[in-house]
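Here the structure comes first, spelled out in structure tokens, and everything after it is commentary.
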Amino acid sequence: MIVITAVGAPAYLGLLVPFALSPTTLNVGYQPAQPVPYSHELHVNQLGMDCRYCHTTVDQAAFAAIPPTQTCMNCHHAIRKDSPRLQPVRESFQTGKPIAWVKVHDLPDYVYFNHSVHVNSGVSCVECHGRVDRMDEQGVHTVQNMSMSWCLDCHRNPEPRLRPRNQVFNLAWTPENGQTQAQFARAQDLLKKYDIPSTRNLTDCSTCHR
Amino acid sequence: MKITNHKSQITNPPTGPAYWRSLDELADTPDFRGFVEKEFPGYAPELMLSGTRRTFLKLMGASAALAGLVGCRRWPQRKLAPYTSRPENRTPGVPQFYATALELDGIAQPLLVKAYDGRPVKIEGNPDHPASGGAASLLAQASILNLYDPQRSRAVKRNGTDATWADAEAAMKQIIADAKAGGGAGLVVLTEPTGSPTVERLKATLLKQLPGAKWATYSAMGAHSSVGGARPIYSLSEAKVIVALDCDFLGDHPEQVRLMRQFADSRRTVDTKKTCSRLYVAEPCFTITGTNADVRMAMRRSRIGELASAIAAKLGISGAEAAKDDVIAKRAARITDDLKRAASGGGKTVVMAGAAQPAAVHALVAAINAKLGGPVRYVRVDESDDVPATARTLIVLGGNPLYDGSPDVVKLVESAKTVVHLSHDVNDTSATPGSKTTWHLPRAHDLEAWGDARTADGQVVLIQPLIYPLFGGRSMIELLALLTGENTDAHEQVRKTFAGNEKQWRKSLHDGFIENTAYAPAEPPAFTGFKSQITNPKSQIELVFRRDYKVLDGRFANNGWLQELPEPLSKLTWGNAAVIGLNDADKLGVKFGDVIRITLGAASAELPVYVLPGQPDGSIAVTLGYGRKHVGHIGENVGVDVYPLWRAAQTSGGGASFAGAHIERTGKHIKPACTQDHFAIDPVGQKTREQRATHELIRSATLDEFKRRPDFATADAEGEKVHLPLAGIATGRGGQPYENPLDEAGKPVDYAWGMTIDLNACTGCNACVIACQSENNIPIVGSPQVLMNREMHWLRIDRYFAGDPRKEDDVRAIHQPMMCQQCENAPCEQVCPVAATTHDTEGLNVMVYNRCIGTRYCSNNCPYKVRRFNFFDFNSRDPKTPGDTPPYPGIPDQQPLEQVGPLARMKNNPDVTVRMRGVMEKCTFCTQRIQIAKQDAAAAGRKVAGDEIQTACQQTCPAKAISFGNLKDSTAPVHEQYYTNERGYSILEDFNTRPRTRYLAKVTNPTET
């Protein structure tokens, strides 16, 4: 028993500590292969499409809907309609079977996140999802660890993450005159303008857990 | 202000009688002490882990090491499957509501059903319909579980083996062709009662095609109180005196929801007008209605007619026989005097008779109401079908006649060569053995098919499907259309019955009902005279048969929510019992749990005894609907079937009651899963237990006392406050004994959620318990776990008795819904070592499941005993697992989600976390509804209105006993009730827990005796 403990404990710690602290464990950079090599870079950055063209419910509901195949086919019935890479899309449209996208940003079931509340309070997509408009056909990857403490960073001090509502979907936006986001939000009094609850209210357990 | 201590409260109680939960409490038995002192009596974890200290340390060390590794695991990859083409008006994850209905006893309950992404999850009442007003009965709400019942019928069966619908269609065509050859002779269609106009139309078509065929309707021990096609429609809102003669209109009644709301309205006037209705109940067993009576007269069922007749005679109705003995005469005089007094003063009076009473009693009641001008009208319903003696081919639409049919119905089924049975599950009738050809056809749930139905007064309500049939079931309409050779599309059929144009159709679909479709009025049943025949001699014990509040006639036997729901009076779960009075129990020499054998001719049943104070002497009540042989896993071996006794009683000329049964002790004893002593609140603590005072928990007064002392709930006879005053949360601290940490200066919050429960309105019907279970994903645990005090209901209804248990008329009962009181100064929060239960800024005592480590300290420190602990993963665990199965180590009690089965998961509300084993849970004031309302309000740029949010229990309460809202909004109804209502009190105020839930004390209105 003593031998096992003597050998086992350092080995266990040696394994556990690096593993627990590695970025993979914290989910940063997680980039699963998707059934269709969709490029946000092409559609958003080069073609200038708005996030809401596909994620239509992001400013109305808790869930930012993944677009139905119909949305893809709106254009792709004419554009690159024979591309082999779009085969799964055409197949889905013909058979009525959904494309099984792999969920990249997956919060635990006991966390109730609402997209619309954040978006309408002037929190841009980029704050959590990063520069999705720069993510290419390799797929979307996570840029934040999405741990509870990370959520709380902002719920305790929202100002550095706020921007004007009309710039929420402009991922490249920065304040003018070299202001930081926090300075800008304070100067514009965004907390009051967007009726953002007090930090005490924002850090209530019941805000996210039910 | 003087704060009196417990001692003075007890010597000088505020008012009202002492209440007790059970005979055990009254006698203060060691069993009951166990329940009061320990939350989980008999629970000794050290016994389960039978190893040494060394083993324990090893196990703990291993789990600690493994726990670290488990934390490193990335959870399983999940897929997102969007629509290929999203339907119009659908936002993923946002619920939609559809108006529909559920038909029971041929009477529809208008409903509003909530569906997430095409998946119905919660049934509520249709707020736009006067028969519902937003409320739904507990059976209607629980019927969602039947939709997702894993043991539902999934395939067509021919003689018990699987077949296809194509086979069935061919067979049906053959049956019709054969019948046509003989003009329809020998073909009988036997249905459950239904008011559906489309079924009516198809029935006419079928009988036109086959003039020799017969159509019969049957219902097991129906709750219909119509006589000769005239159905009474009562109106209670304005009533001054209500007399219910064996009529359980607040319990087992097709119009329960509407009548309960109106009855509650007639009681609510105590605050505004200092007056309220008076309810007389004469009944042969304690019912929900009986518990709400101001004057309850316990009497044998066979004598109710005499009472009705004596009342009629005293009112001068000719043909009515006057009372023959003193007891009846005294009771009749008391009721009649009051009826006359009320009627002469211009007040409305209503006399009601129950379905179990013979036609003559209904005619008597009609004559009394006509004489006094009671608000009762009659509508004409079609009930002319008689049950034929034999059939060659029998088509049974719904029901389970071989289990619950009367003797002539059973004979009819047995005489048939071919039986076709359309049914939700493979039950006794589908599984008919022998030389018969039997077809079992899976029936679509009401949430799966188009249809229509009628409310009690005949208004047509539409049934629209929310989901495609899960197992290819078909509705009654679809089968009838198949038989008549018409279009089998139920939508087409219902649309065809509907007369209006497309625009009117769409409006009716949206509203859920069609205007101006009520039944034609009918003449009340004619009274031709009444002569009592004492068929049940006093020396013989009378058997009283009734349908169960939970499984009804047995159709809900496989519904786990209902099986585990404590019965309102006996608090029994998972089974039935023979309910007997204390005097008779002593005479027989039996006590709770002793098994007796009831023999009636060739039929006999062995049932455990339940001693219920208030049961009339010389009478035993049994409930039907249990002990089904062909039933799913949940209903297997639950309770005892007493239908054979009922049938034997019917054959021997009895009705819903019978005397002459032979009753004997068997010497056996079982332990029924009864919750009456579970979570018993200890108001005084161990030291003063011998002076227990439940005046603390239940406060009540008569109307006269209330007029004299409006502050009876909080002050003693000298006007001295016996409890701490309510601390004003909206007004600030102002010298309160306890400073609320939430009232931080300069940081006001918009909302302070609070609730009031009006004990004067609450009838104890249990609808809220099921609403809570459905809304909050509360699992069932099974009877072995219930016996260990582990039921999970967040909201329970405590039932207390008062009076002398040996005097049948003296016993009264009262119901008190009890859930987390959301204390501002919560004892649970102070003992949680990991801060898993904390306060939020709006005053909710929140429970964070993912932080809870399951120490159960909080539960131990909760004086209200409202916290529930998941001893197992009850969502995946089989509720039939025996109780002595050791939980650990070695026995896996954790199952991957995949093993729970997709069907069982479909009922879950996605807005509420499904809890795993090892965490504590409790009522949250429906925090999910609060959060969603706040988010909706924020999106619209406004604040949440004071009464905008309805908790699940409040939403469904037919009596509107629960108010909820923002206490900071002085316009919200809850604000008045919480702060200024004279009857308001908090439970265990002396502990300074400052609950955000207040109760409004009960006011009864008995006559002077």
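Values reported hereafter were calculated over all heavy atoms of this structure, with side chains retained and with hydrogens, waters and symmetry mates removed. These numbers come from a predicted model, not from an experiment. Each chain gets a letter, A, B and so on, in the order its sequence line appears, and its residues count up from 1.
- Checked by atom type and distance alone, the side chain of B/Tyr83 never pairs as donor or acceptor with a backbone atom of A/Gln70 at under 3.5 Å.
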Verdict with supporting geometry, B/Lys79 and A/Val102, side chain to side chain contact (heavy atoms under 4.5 Å, CB included): CA-CA 5 Å; B/Lys79 299 281 171 64; A/Val102 179; 3.7 Å; yes

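- Inter-residue side-chain proximity for B/Thr84 and A/Pro68 is flagged as unmet; no heavy-atom pair is nearer than 4.5 Å.
- B/Arg86 and A/Thr56 share a donor-acceptor pair across their side chains, judged by distance under 3.5 Å alone.
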Derivation of the side chain to side chain contact (heavy atoms under 4.5 Å, CB included) call for A/Met148 and B/Arg851: CA-CA 12 Å; A/Met148 180 163 148; B/Arg851 197 182 262 182; 3.9 Å; yes

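- Looking only at atom types and distance, the side chain of B/Gln77 has no donor-acceptor partner in the side chain of A/Asp106 under 3.5 Å away.
- Contact of the B/Gln935 side chain with the A/Asn120 side chain is not registered, since no non-hydrogen atoms from C-beta on lie closer than 4.5 Å.
- Looking at B/Asp911, both its backbone and its side chain come within 4.5 Å of chain A, counting heavy atoms on both sides.
- When B/Val94, B/Ile932, B/Val912 are compared by the number of non-hydrogen pairs under 4.5 Å with chain A, B/Val912 comes out ahead.
- For the pair B/Asn850 and A/His209, the minimum side-chain heavy-atom distance is below 4.5 Å.
- In this structure, OG in A/Ser206 is found 6.0 Å from CG in B/Leu844, a value given to the nearest 0.5 Å.
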Candidate pair A/Asn201 and B/Glu842, rule side-chain hydrogen bond (donor to acceptor under 3.5 Å, both in side chains), full reasoning: CA-CA 8 Å; A/Asn201 200 305; B/Glu842 290 159 10; 3.2 Å; yes

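- Judged by distance alone, the side chain of B/Thr913 and the main-chain N or O of A/Arg210 form a donor-acceptor pair under 3.5 Å.
- Here B/Lys943 pairs with A/Asp195 in a salt bridge; the nearest charged N to carboxylate O distance falls below 4.0 Å.
- A pairwise comparison of heavy atoms in B/Pro92 and A/Phe63 identifies CB-CD2, 3.8 Å as the closest pair.
- Using a 4.5 Å cut-off between heavy atoms, B/Ser85 contacts chain A through both its backbone and its side chain.
- Closest heavy-atom contact between A/Ile66 and B/Pro82: O-CB, 3.5 Å.
- For chain B, the nearby parts of A/Ala100 are the backbone and the side chain; heavy atoms of each come within less than 4.5 Å.
- In this structure, no portion of A/Ser198 lies under 4.5 Å from any heavy atom of chain B.
- For chain B, the nearby part of A/Tyr112 is the side chain; its heavy atoms alone come within less than 4.5 Å.
- Proximity to chain A involves both the backbone and the side chain of B/Ala81, based on heavy atoms less than 4.5 angstrom apart.
- In terms of heavy-atom pairs under 4.5 Å with chain B, the best-connected choice from A/Ser116, A/Ala61, A/Ser92, A/Ser121 is A/Ser92.
- Looking at A/Pro35, neither its backbone nor its side chain comes within 4.5 Å of chain B, counting heavy atoms on both sides.
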